[in-house]
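Just follow the structure's listing: the first ligand is 1, and inside any ligand the first atom is 1.
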Amino acid sequence: MRLFVALEIPPGVRESLGEFLAVLRALSSQPRWVRTDNLHITLKFIGEVLPEKLGDIRAALSAVHSDRAVTLDFRGVGFFPNEKRPRVFWADVEASLNLGQLAGDIDSALEKLGVPPEKRPFSPHLTLARFEPPGLPEKLRAVIQENARREFGSVAAREFHLIESKLKPGGAEYTTLETFPFVVAEV
Ligand code: ATP
Ligand code: MG
């Protein structure tokens, strides 16, 4: 099974991103837009594991905590690696410092179970579209530039989720396997 750990986004932020994506989608079927229902913030991509490992993974994740909620501000959009030859179109996520700590703790907890650790520093973002091949359709450029600082809302997150991903021709299908409240004691 293919697994990852993610934060969900609240309905208001999802609606606001959905409205923006609907405008862009109507302009161009390229890039490959993420379905509004599928929008999430990945904390850790686990990848393929044997179902027998699920119990250990759940136990490891339930031991990861933070002493307060993670605050997230969704503002602005951009491209990875750059606008010239974009591969990913994302919404920027400004997060409280404990989010990086949380992602690092999840990474270490899973490394003990043999999941390869991240080599790159954690950089929170919300993937909105993927370019295959890289390249921005001209009709999108101006609209995206006008919305470069657009606000989508904010949230205080207190739980993360273990999600199974089934890759399908029409796009990945996600199923939440378990939800982990991570705040032990709020200050
Ligand atoms: P598709 O691959 O069909 O575009 P998807 O990317 O939404 O769909 P998955 O590939 O299963 O579905 O990925 C699940 C989540 O993990 C996504 O947020 C994705 O960006 C992230 N992810 C996938 N592969 C990696 C990887 N090698 N390293 C880091 N994150 C990854
Ligand atoms: Mg993928």
Examine Phe80 together with His125 and report whether their ring centres are nearer than 6.0 Å.
no
In chain-and-number order, ligand 1 lies under 4.0 Å from a heavy atom of each of Arg2, Phe4, Arg32, His40, Thr42, Phe45, Arg130, Ser165, Leu167, Ala172, Tyr174
Electrostatic pair Arg87:Glu132 at N-O distance under 4.0 angstrom:
no
Residues Thr176 and His161: side-chain donor-acceptor under 3.5 angstrom:
no
Parallel under 30°, tilted from 30 to 60°, perpendicular over 60°: which one fits the rings of Phe89 and Phe20?
tilted
Ring centre gap for Phe4 and Phe45 strictly below 6.0 Å
no
I'd like a table of donor-acceptor pairs (distance under 3.5 Å, sequence neighbours excluded) in which one partner is a side-chain atom from residues 162-173, with atom names and distances.
from	atom 1	to	atom 2	distance (Å)
Lys168	NZ	Glu173	OE1	3.1
Lys168	NZ	Glu173	OE2	3.4

